[in-house]
Amino acid sequence: MGEPGTVEAKSLASRTVGELTTAQLRGVAAWAAACPALTMTCRRWLAEGDGRRLTDLPHMTVEQGLEAAGRQLRGRPAYYTVSSGTTGPPRVKGLASREDVSSAHVSQWRPMRPGDVLLNLFSTGGAYLTAERTAALCGAHTVPGVTEAGDLIGLAPSLARIGVNAVAGYPEMLAFFARTVLGNRLGLRPRLVIWTGGNLTSGCAALLRELNPELEFWSVYSSSEAGGVAFGFPDCALGVHHLWPGQILELTAERCCLTRAVGLPAGRPLLRLPLGDRIEGPVTCPCARDLPALRVQGRLNDMVRLYDAVFSVDSLRLAATDSPEVIGAQVILVPEDLDDPYGPQRSLGVRVDPRTAVAGRGVADRTRARMTTQHAALRAISERSPEAFWIECGPLEQLSDCLKTKPAVVSRGHAPDLWSGKGH
């Protein structure tokens with residue numbers, strides 16, 4: 001049981017992570033009541049007696065959350081970012097303080113030491129600011145990174161001379177860094193990496209450990225709408241993050257919503273804000289910290305239909321990369337209607353990026369076997385129509401400005417090649 005006066009996570013929904021005290025829940029309801037669209041519902045909730053539940057409060061939209069935050073900024077110093085975040089269209093977000101990572105976070109989550117030098121591979125936006133802010137709070141220095149192999153090769157002597165011993169980036173950026181350093185014997189040997197934005201696979205982690213077998217992995221789960229939500233430490237299981245106090249995540253099949261208390265030093269308040277991610281929690285973590293643990297599985301709105309089965313794009317990618325020999329994966333959609341790429345599919349493929357350059361057919365075959373074992377519906381479809389599902393090895397299509405892998409790409413069809421797995 002929780003402490004007296006605590007709203008327990010398990011009483012709020014079928015799956016929740018974290019808890020708020022009754023006072024904290026009343027505080028965030030009163031804060032949200034200042035938003036005109038939420039005023040009546042929140043005031044009615046506040047006026048009720050016993051039996052009030054978080055699930056009786058309204059969901060705050062991204063726009064309402066930004067509106068409420070904007071009211072707090074009036075007459076105060078602020079800075080603004082532009083990001084599409086987890087919900088699609090770009091938005092301007094104003095912040096009274098850099099809330100992705102604050103001094104409250106770094107009091108426990110402190111990846112760097114004074115004097116460390118961080119190579120920040122992020123270019124712009126919230127992730128870049130998170131890395132810069134983290135370094136500043138730790139007393140470390142930062143160096144802007146590059147995402148072209150030739151540029152990194154040219155900069156390597158200077159990076160070594162100034163003592164770069166930490167690297168921050170998306171998992172794909174970190175894989176690029178490791179491959180360039182190892183392939184060109186640049187001699188850079190970081191002590192730690194900080195990653196966010198996506199799934200750092202076991203294959204990517206193994207590649208990075210070739211730089212330094214004792215490499216530390218630190219991570220942040222955040223969104224442009226909510227700032228820093230949960231954090232991972234070197235002694236955590238890969239991909240597990242710990243939810244910061246004063247927050248509750250409601251997890252259902254349809255949505256993932258975050259509520260954050262008022263007055264926390266780490267992040268602005270939020271009321272049942274949909275994050276758009278598929279999250280597993282609570283999960284166990286070998287670090288045994290007294291903080292709720294969760295694992296981000298992917299996006300909620302990425303379902304595709306193949307024959308009579310429905311699959312999540314990210315669940316397919318997770319199954320494909322569930323091996324140290326695979327760095328990343330990308331789903332290839334062959335829709336019946338090119339104007340509806342996530343509609344019914346004629347066939348479905350997965351392109352994997354092997355950890356080693358000479359992979360051959362074996363990686364594709366083993367990936368196919370692993371995926372059809374983890375997805376019974378995919379196995380049934382493959383047995384009935386082998387041409388409906390295939391695996392191939394090759395470079396993944398990425399966003400040019402940040403090296404992030406596109407989760408899925410659309411193709412008019414698929415031609416078999418030397419690297420394809422069985423079934424095509």
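The first residue in the sequence is number 1, and the count goes up from there.
Within the 4.5 Å cutoff, side-chain heavy atoms of Thr134 are placed close to those of Trp109. Side chains of Ile248 and Val17 form no contact here, defined as non-hydrogen atoms less than 4.5 Å apart. Contact check for Arg355 versus Val326: no side-chain heavy atoms found under the 4.5 Å cut-off. Side-chain contact between Arg299 and Arg278: absent, with no pair of heavy atoms (C-beta onward) separated by less than 4.5 Å. In this structure, Leu54 and Leu271 have side chains that are in contact, with non-hydrogen atoms separated by less than 4.5 Å. Looking only at side-chain heavy atoms (C-beta outward), Leu207 and Arg179 come within less than 4.5 Å of each other. A heavy-atom distance below 4.5 Å is found between the side chains of Met112 and Ile194. Trp218 places none of its side-chain heavy atoms less than 4.5 Å from the side chain of Val193.
Checked by atom type and distance alone, the side chain of Thr142 never pairs as donor or acceptor with a backbone atom of Glu132 at under 3.5 Å. Asp337 places a side-chain N or O within 3.5 Å of a backbone atom of Asp339 that can act as its donor or acceptor partner. One N or O on the side chain of Gln398 and one on the backbone of Leu403 form a donor-acceptor pair closer than 3.5 Å. In this structure a side-chain-to-backbone donor-acceptor pair under 3.5 Å is missing from Glu392 to Arg351. In this structure a side-chain-to-backbone donor-acceptor pair under 3.5 Å is present from Arg368 to Phe389. A donor-acceptor contact shorter than 3.5 Å links the side chain of Asp302 to the backbone of Asp314. No side-chain donor-acceptor contact under 3.5 Å links Thr405 to the backbone of Pro407. Looking at Thr41, its side chain never comes within 3.5 Å of a backbone N or O of Leu38 through a donor-acceptor pair. Between the Arg15 side chain and the Leu249 main chain, no donor and acceptor come within less than 3.5 Å of each other. Under a 3.5 Å cut-off, the side chain of Asn212 and the backbone N or O of Pro190 do form a donor-acceptor pair.
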For residues 233-245, dump all side-chain donor-acceptor pairs below 3.5 Å to protein atoms at least two apart in sequence or in another chain.
unit_1: Asp235; atom_1: OD1; unit_2: Arg289; atom_2: NH1; d: 2.7
unit_1: Asp235; atom_1: OD1; unit_2: Arg289; atom_2: NH2; d: 3.3
unit_1: Asp235; atom_1: OD2; unit_2: Arg289; atom_2: NH1; d: 3.4
unit_1: His241; atom_1: ND1; unit_2: Gly239; atom_2: O; d: 3.4
unit_1: His241; atom_1: NE2; unit_2: Ser219; atom_2: OG; d: 3.1
unit_1: His242; atom_1: ND1; unit_2: Leu291; atom_2: O; d: 3.0

Distance-only donor-acceptor hits, side chain of residues 279-286, under 3.5 Å, sequence neighbours excluded:
unit_1: Glu280; atom_1: OE1; unit_2: Gln297; atom_2: NE2; d: 2.7

*Run the salt bridge (charged side-chain N to carboxylate O under 4.0 Å, His left out) check on Arg209 and Glu214 step by step: do they pass?*
CA-CA 7 Å; Arg209 287 194 180 100; Glu214 298 179 355; over 6 Å; no
*Report the C-alpha distance between Glu325 and Arg366 in whole Å, list the side-chain angles of each, state the deciding distance to 0.1 Å, and finish with yes or no for side-chain contact (heavy atoms from CB on, under 4.5 Å).*
CA-CA 10 Å; Glu325 66 181 356; Arg366 287 189 291 274; 3.0 Å; yes
*asked:* Checking Thr252 against Arg255 for the side chain to side chain donor-acceptor pair (under 3.5 Å) test, could you report, in this order, the C-alpha distance in whole Å, the side-chain angles of both residues, the deciding distance, and whether it holds?
replied: CA-CA 5 Å; Thr252 69; Arg255 65 177 73 195; 5.5 Å; no
*asked:* Determine whether His59 and Cys257 satisfy the following criterion, side-chain contact (heavy atoms from CB on, under 4.5 Å), listing intermediate values before the conclusion.
replied: CA-CA 8 Å; His59 290 93; Cys257 299; 3.4 Å; yes
*Can you check side-chain contact (heavy atoms from CB on, under 4.5 Å) on Ile327 and Thr321, steps first, answer last?*
CA-CA 7 Å; Ile327 298 293; Thr321 56; over 6 Å; no
*Would Leu333 and Val304 count as a side-chain contact (heavy atoms from CB on, under 4.5 Å) if you check the C-alpha gap in whole Å, the side-chain angles of each, and the deciding distance to 0.1 Å?*
CA-CA 9 Å; Leu333 305 175; Val304 295; 3.9 Å; yes
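Ser411 and Ile332 get closest at one heavy-atom pair: CB-CG2, 3.7 Å. Met371 approaches Ala320 most closely through the heavy-atom pair SD-CB, 3.7 Å. The two residues Leu211 and Val181 come nearest to each other via the heavy atoms CD2-CG1, 3.6 Å. Taking every heavy atom of both residues into account, Arg272 and Leu57 meet most closely at NH1-O, 2.5 Å. The shortest non-hydrogen separation linking Phe311 to Leu306 is CE1-CB, 4.1 Å. For the pair Thr180 and Ile153, the tightest heavy-atom approach, listed with the atom from each and the gap, is CG2-CG1, 4.0 Å.
Side-chain atoms of Arg370 and Thr373 form no donor-acceptor pair, as typed in the model, at a separation below 3.5 Å.
Considering CG of Leu174 and CZ of Phe176, their distance stands at 10.5 Å, rounded to 0.5 Å. Atoms OG1 and CD, from Thr259 and Glu250 in turn, are 5.5 Å apart once rounded to the nearest 0.5 Å. With values rounded to the nearest 0.5 angstrom, Arg53 atom CZ is found 11.0 Å from Trp45 atom CH2. Taken to the nearest 0.5 Å, the OG1 atom of Thr21 stands 8.0 Å off from the CG atom of Leu25. The line from CD of Glu254 to CG of Leu251 is 12.0 Å long, rounded to the nearest 0.5 Å. A distance of 9.5 Å separates CG in Leu300 from CG in Leu275, rounded to the nearest 0.5 Å.
Under the salt bridge (Lys or Arg N to Asp or Glu O under 4.0 Å) criterion, Glu397 pairs with Lys406, sequence neighbours left out. Tyr221 is linked by a ring pair (Phe, Tyr, Trp, His ring centres under 6.0 Å) to nothing, counting only residues two or more places apart in sequence or in another chain. Taking the side chain to side chain donor-acceptor pair (under 3.5 Å) definition, one finds that Gln345 meets it with nothing, sequence neighbours left out. Applying the side chain to side chain donor-acceptor pair (under 3.5 Å) criterion to Asp116, with sequence neighbours excluded, gives Asn165, Arg191.
Residue Met40 qualifies as open at atom CE: its count of foreign heavy atoms under 6.0 Å is 12 or below.
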